[in-house]
Amino acid sequence: MVLHLSPFPNGCVAGLHAVGWALILPCFWFLDRLIAVCKSTTLERVERQERECYLHPLQVFFGSIIFFILFLVTSPVALLGFLLWAPLQAYRRPFSYHIETQIPLEQEARHIFEEGKATFGFATANLCLLPDSLARFNNLGHTQRRATTIGRCVAQGVSRPHIRIFIDSPSSCGNLSASSSLFHTSNSPSYGAIDKQSKPAVEGEVPQANPNSRLVHIPCDDTEKQDTETAPPTATTVNTNQNSNQQGEAGERSAPRVLRSEDPGERDGVPLEVSSLFPANVDILCLEEVFDKRAARKLKDALGPVLGHILYDVGVYAWQTPCCSSFKFFNSGLFLASRFPVLEAQYYCFPNSRGEDALAAKGLLCAKVLIGQNHKQEKVVGYFNCTHLHAPEGEGEIRCEQLTMVTVWIDEFQTSHRRPDEVVVFDVLCGDFNFDNCSPDDLREQNHNIFEEYIDPCRAGPGKEKPWVIGTLMEQPTMYEEDVITPDNLQRTLETEELRRQYISPPVPVVGVPLVYPLPDEPWVGRRIDYILYRQNSLPKHYKTEIEEFTYITQLAGLTDHIPVGLRLRVSDWSAED
């Protein structure tokens with residue numbers, strides 16, 4: 001589909017649509033507040049108890065009456081707006097495309113790939129940015145405030161320098177942690193944790209680094225000499241994609257957070273990191289459940305200056321036959337931000353949604369991005385696909401049908417948009433799949449043939465995770481407890497198996513069958529429903545893809561009930577080495 005900055009074909013249709021939505025919005029907002037005033041999050045209940053506030057029942061009583069009356073008063077106007085708004089959806093394109101500016105990193109990536117190799121970073125996160133009343137059923141409130149904070153957090157993470165520390169002798173360095181940042185920001189944007197921030201930096205912390213430096217060499221022999229150019233052959237590499245704004249005392253930092261999988265059954269270990277910041281090297285970011293339009297615009301405004309190319313408000317509304325089987329009150333919730341220009345994009349709507357999921361236009365977003373040129377002056381492109389599957393438990397048949405649609409639609413998109421003068425360097429699929437690889441109830445999805453097409457770096461086989469894997473779905477009632485309320489605390493919790501059992505959702509058993517989990521001599525993982533997969537067979541035969549790093553991100557602690565994940569791939573052109 002040809003990309004346009006406006007989702008409407010002309011200004012007249014866009015203006016009529018704006019008028020229709022303006023007539024609907026007051027009634028919609030009053031209904032949202034009517035439900036929200038009656039539904040509190042656990043954080044709000046705890047805060048009321050700490051303040052010994054006993055006026056909440058009165059607020060609920062009078063607030064409900066006032067918002068209900070206002071809802072009734074504005075309903076006739078909203079009906080007129082709906083009669084204008086709904087027919088115009090037939091003329092609306094299924095997403096809005098925002099271009100900020102050309103970002104220097106695009107030229108940098110083109111230069112790097114001329115040498116026959118490059119690395120690409122991807123990240124995905126489910127944000128639960130529903131209207132405030134609905135988000136509260138997931139124990140999350142204040143959607144607009146969360147959207148602003150999330151945008152600021154992600155922009156802060158992906159826009160910082162990518163610094164790597166080289167250590168001669170880790171045993172002689174004391175307690176230097178991968179989360180001990182080389183630069184410090186005094187303020188933290190953590191939502192819901194204002195009074196629970198880590199202590200400010202004190203004497204003895206790692207000093208501030210030059211923002212332009214990329215490598216830091218720490219001799220560890222009680223000298224202060226640093227070499228920013230090279231590192232000895234025996235050095236250990238530590239990636240510092242960690243929280244720069246949640247500093248604690250140097251003596252309180254834990255052991256390094258960069259681990260490497262050493263399963264004897266694996267041919268190559270997967271570098272694993274639990275990071276309290278979004279990786280600095282994210283090139284493409286996929287977000288799910290960005291259903292609220294105002295929240296989507298806040299994210300677009302925050303991420304636009306950093307990533308530059310954004311597809312948002314993805315999906316369809318009202319009746320859109322034949323692709324959708326029911327009226328759609330919400331879009332797909334998908335949101336894509338890329339450092340690279342988007343050449344082509346296509347949205348596909350799942351026709352088999354059921355129950356409450358049928359109210360949203362869940363589906364698949366396929367995008368083709370321009371990377372640059374290789375050493376042969378060929379155009380280099382990449383394919384990025386993101387989706388959000390059917391949610392209710394026990395309905396694996398629907399998810400399997402959607403997975404089959406995903407594979408078919410991706411192949412259709414790539415076949416129709418592939419050009420003979422282009423070279424594909426990555427083919428990535430990510431999103432919230434709403435099933436895991438450990439629950440007996442998800443056995444059908446675990447054996448789907450999509451895992452024969454795409455590689456899951458966390459998967460050892462159907463129903464079996466690799467030993468280092470961590471679940472990504474949090475238990476909603478305990479989201480605001482001390483162990484998980486801040487990025488640093490959540491980071492430490494994810495690194496401790498006993499704590500993970502308390503805060504990560506356990507597997508879903510088959511009805512009537514006792515759950516035995518984990519099996520003897522196996523670690524406790526929990527539900528991992530957020531995936532980043534990649535495909536090798538759609539690349540040229542002389543291109544090789546390797547995993548450079550897999551990251552669990554804790555920066556959104558208290559802002560969402562999912563744990564974002566990141567993947568960095570190294571792509572090499574063997575022919576360039578000849």
Could you check whether [X] pairs with [Y] (Lys NZ or Arg NE/NH1/NH2 to Asp/Glu carboxylate O, under 4.0 Å)?
X: Lys328; Y: Asp357; value: no
X: Glu522; Y: Lys464; value: yes
X: Glu549; Y: Arg568; value: no
X: Glu498; Y: Arg501; value: yes
X: Lys544; Y: Glu546; value: yes

N/O donor-acceptor pair under 3.5 Å between [X] side chain and [Y] backbone:
X: Asn138; Y: Leu134; answer: no
X: Lys39; Y: Ser133; answer: no
X: Ser439; Y: Asp436; answer: no
X: Asn331; Y: Val316; answer: no
X: Lys368; Y: Leu343; answer: no
X: Asp313; Y: Gly315; answer: no
X: Asp132; Y: His142; answer: yes
X: Arg500; Y: Thr493; answer: no
X: Arg459; Y: Gln446; answer: yes
X: Asp292; Y: Ala295; answer: yes

Please report the C-alpha distance between Asp442 and Arg527 in whole Å, then the side-chain angles of each, then the deciding distance to 0.1 Å, and finally whether the salt bridge (Lys or Arg N to Asp or Glu O under 4.0 Å) criterion is met. CA-CA 11 Å; Asp442 293 336; Arg527 302 201 68 194; 3.2 Å; yes
For [X] and [Y], which heavy atoms make the closest approach, and how far apart are they?
X: Ser332; Y: Gly363; answer: CB-N, 4.4 Å
X: Gln402; Y: Ser353; answer: NE2-OG, 4.1 Å
X: Ala123; Y: Val282; answer: CB-CG2, 4.0 Å
X: Asn437; Y: Gly461; answer: ND2-O, 3.0 Å
X: Val425; Y: Val571; answer: O-CG2, 3.3 Å
X: Val428; Y: Tyr454; answer: C-CE2, 4.4 Å

Establish, from distance only, whether the side-chain atoms of [X] and [Y] form a donor-acceptor pair under 3.5 Å.
X: Ser276; Y: Gln555; answer: no
X: Asp427; Y: Gln414; answer: yes
X: Tyr97; Y: His309; answer: yes
X: Gln536; Y: Thr545; answer: yes
X: Glu288; Y: Thr124; answer: yes
X: Gln89; Y: His17; answer: yes
X: Asp483; Y: Asn489; answer: no
X: Thr41; Y: Asn139; answer: no
X: Glu395; Y: His390; answer: yes

Is [Y] close to [X] at the side-chain level, that is, under 4.5 Å between some pair of heavy atoms?
X: Thr472; Y: Ile529; answer: yes
X: Ile504; Y: Leu473; answer: no
X: His562; Y: Met474; answer: no
X: Ser416; Y: Glu344; answer: no
X: Pro392; Y: Glu356; answer: yes
X: Val508; Y: Pro440; answer: no
X: Glu475; Y: Met479; answer: no

Measuring from atom [atom1] of [X] to atom [atom2] of [Y], what distance do you get when rounded to the nearest 0.5 angstrom?
X: Leu277; Y: Thr551; atom1: CG; atom2: OG1; answer: 11.5 Å
X: Leu389; Y: Arg399; atom1: CG; atom2: CZ; answer: 8.0 Å
X: Phe384; Y: Asp283; atom1: CZ; atom2: CG; answer: 10.5 Å
X: Leu287; Y: Leu127; atom1: CG; atom2: CG; answer: 5.0 Å
X: Glu481; Y: Leu43; atom1: CD; atom2: CG; answer: 11.5 Å
X: Leu336; Y: Ile310; atom1: CG; atom2: CD1; answer: 9.0 Å

Look at the rings of [X] and [Y] and say which category their plane angle falls in: under 30° parallel, 30 to 60° tilted, over 60° perpendicular.
X: Tyr552; Y: Phe550; result: perpendicular
X: Tyr531; Y: Phe433; result: parallel
X: Phe426; Y: Phe122; result: perpendicular
X: Phe350; Y: Trp409; result: parallel

Heavy-atom count around Glu412 CD within 6.0 Å, excluding the residue itself: above 12?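 It does: Glu412 CD has more than 12 such atoms within range.
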Are there over 12 heavy-atom neighbours, none belonging to Tyr91, within less than 6.0 Å of that residue's OH? no
Within 45° of the six-membered ring axis of Phe291 and under 6.0 Å from that ring's centre, is NZ or CZ of Lys362 located there? no
As a quick check of understanding, evaluate ring-ring contact (aromatic ring centres under 6.0 Å, His included) for Tyr312 and His98, giving each step before the final call. CA-CA 8 Å; Tyr312 67 104; His98 172 78; 7.1 Å; no
Just one of Leu307, Asn281, Ile371 clears the side-chain contact (heavy atoms from CB on, under 4.5 Å) bar with Arg339, so which one? Leu307
Partner of Thr387 under side-chain contact (heavy atoms from CB on, under 4.5 Å), picked from Ile410, Leu403, Leu364, is Leu364
Could you walk me through whether Arg136 and Glu44 pass the salt bridge (Lys or Arg N to Asp or Glu O under 4.0 Å) test, one step at a time? CA-CA 11 Å; Arg136 288 172 177 272; Glu44 292 170 337; 2.7 Å; yes
Chi angles and distances behind the side-chain contact (heavy atoms from CB on, under 4.5 Å) call for Leu129, Glu289: CA-CA 6 Å; Leu129 290 176; Glu289 291 198 13; 6.0 Å; no
Apply the test ring-ring contact (aromatic ring centres under 6.0 Å, His included) to residues Phe30 and Phe28: give CA-CA distance (whole Å), side-chain angles for both, the deciding distance (0.1 Å), then the verdict. CA-CA 6 Å; Phe30 291 135; Phe28 173 81; over 10 Å; no
